[in-house]
There are 2 protein chains.
Amino acid sequence: MSAELLNQLLAIGDLMRRDMARAFAGTPLTESRVAVLWTLRVSGASTQRDVAVALRVSGKNVSLLVDALESAGYVHRAKHPTDRRAVLLELTDSANALMAKMEREHAQLAETLVAAVSPGDVATVERGVTAIAARLSELVDEAAAAGDAT
Amino acid sequence: MSAELLNQLLAIGDLMRRDMARAFAGTPLTESRVAVLWTLRVSGASTQRDVAVALRVSGKNVSLLVDALESAGYVHRAKHPTDRRAVLLELTDSANALMAKMEREHAQLAETLVAAVSPGDVATVERGVTAIAARLSELVDEAAAAGDAT
DNA sequence: TATTGTTATACTCTATAACTATA
DNA sequence: TATAGTTATAGAGTATAACAATA
């Protein structure tokens, strides 16, 4: 019974990922590259290290993702104003336009999905899902800490 | 407001994936390989093609995953009783034991997460999440069909 | 002729380690 | 000495195309 809820949550994550990959088929964009663009959209111009920390991936990985995004015209490596070791990643105008479009689609998808829930249940569902996400975040942090200690 | 719910759902999927990858660090198992084992556990002995369809990946991909799983002793390529072109994938005893362990852990995680929701809200949350998953599945199928048609 | 699985080739994501330039 | 980013190397997931054996 309770396992069914977890399975539904997993299915949702899986469906979202598949759909995203499909949506960007035929473009140079992938899930990981879009994650970089999204981080820059939310946080503003950032160093590669900032992005690596935000996405919890290696600096080398960010280098490769940015290489691809830069050559495809989505981001620009600018000089950092105070630290000459660092690079400041900025979205290009076209990437900003793309992110704005994604934000609109994201909001519209959220509305569509929430509309599938009985109006009187929405607040309760949101509260429950938020509680689950918070608890899961705790568990994952604990597991990661235990793993590091080993 | 409604976007917040979608973001929480996405965060849950992301956390689950990260934790799974961490849990299998140091073993030959990865998310994709476990997905193959899980499919065989649920469906019983299957051909590689069955697995490819179930996971929606290419046949070549399944070949590689099974190569790794077979050499690590998790699956066995048996002769198909009626079709000599095909191979029948079977879990080894140790893989079956591992899957049983994962099932128990999965059930326990589900209990722990459900316990984070107010008891009176659980049924409503489960109903809401199920409705969202069903609606999302429809949308993804529609999008995929539209994409194929193009 | 269609299907199952493999070989061949290529792109992407990811990580660690060593190195350069700068703090 | 520590940090930001790159070069080098490597494992893993994924896809398409061509090919063999079998239906």
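A quick note: this is a predicted structure, and the numbers were derived from the prediction, not measured. Residue numbers begin at 1 in each chain, while the letters A, B, ... track the order of the sequences.
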Contacts of L65(A) and R77(B) projected onto DNA chain C by closest heavy atom; the upstream (5') one is R77(B)
F24(A) CZ to dC13(C) P, in whole Å, measures 13 Å
Between dA12(D) (P) and L29(B) (CG): distance, integer Å:
11 Å
Show me, pair by pair, the donor-acceptor contacts under 3.5 angstrom made by side chains of residues 133-140 of chain B, not counting sequence neighbours?
| from | atom 1 | to | atom 2 | distance (Å) |
| --- | --- | --- | --- | --- |
| R135(B) | NH1 | E138(B) | OE1 | 2.9 |

CZ of R18(A) versus P of dG13(D): gap in Å, rounded?
15 Å
Measure from the side-chain N and O atoms of T39(B) to the backbone N and O of V51(B), and report whether any donor-acceptor pair falls under 3.5 Å.
no
State plainly whether the residues D67(B) and R77(B) are in salt-bridge range, i.e. N to O under 4.0 Å.
yes
At under 4.0 Å, does any side-chain N or O of T30(B) touch on OP1 or OP2 of dA12(D)?
no
Nearest-Å distance, CZ (R17(B)) to P (dC13(C))?
12 Å
Atom pair distance, as rounded to whole Å: NE2 in H80(B) and C1' in dT4(C):
10 Å
Spatial distance of atom OG1 (T112(B)) from atom CD (E105(B)) [nearest 0.5 Å]
11.5 Å
On DNA chain C, more 5' by nearest nucleotide between E31(A) and A86(B) is A86(B)
dG5(C) phosphate, OP1 or OP2, under 4.0 Å from R49(B) side-chain N/O:
no
Can you tell me how far the CG atom of L113(A) sits from the CG atom of L5(B), to the nearest 0.5 Å?
8.0 Å
For the residue pair R41(A) and N96(A), establish whether any side-chain heavy-atom pair is separated by less than 4.5 Å.
yes
Could you run down the sub-3.5 Å N/O contacts of the protein with nucleotides 19-23 of chain C?
| from | atom 1 | to | atom 2 | distance (Å) |
| --- | --- | --- | --- | --- |
| dA23(C) | OP1 | R84(A) | N | 2.6 |
| dA23(C) | OP2 | R84(A) | NE | 3.1 |
| dA23(C) | OP2 | R84(A) | NH2 | 3.4 |

Please determine, by modelled atom types, if S32(B) and T30(B) share a side-chain donor-acceptor pair under 3.5 angstrom.
no
Distances under 3.5 Å only, N/O to N/O: pair up the protein atoms with those of nucleotides 15-19 of chain D.
| from | atom 1 | to | atom 2 | distance (Å) |
| --- | --- | --- | --- | --- |
| dA15(D) | OP2 | S58(B) | N | 2.7 |
| dA15(D) | OP2 | S58(B) | OG | 3.3 |

Does a side chain donor of either T124(B) or D121(B) reach within less than 3.5 Å of an acceptor in the other side chain?
no
In short, S94(A) meets G73(A) closest at the heavy-atom pair OG-O, 3.7 Å
Hey, does S32(B) reach any base, or is it just sugar-phosphate, or nothing, if we go heavy atoms under 4.0 Å?
sugar-phosphate
In whole Å, what is the span from the CZ atom of R33(A) to the P atom of dC11(C)?
11 Å
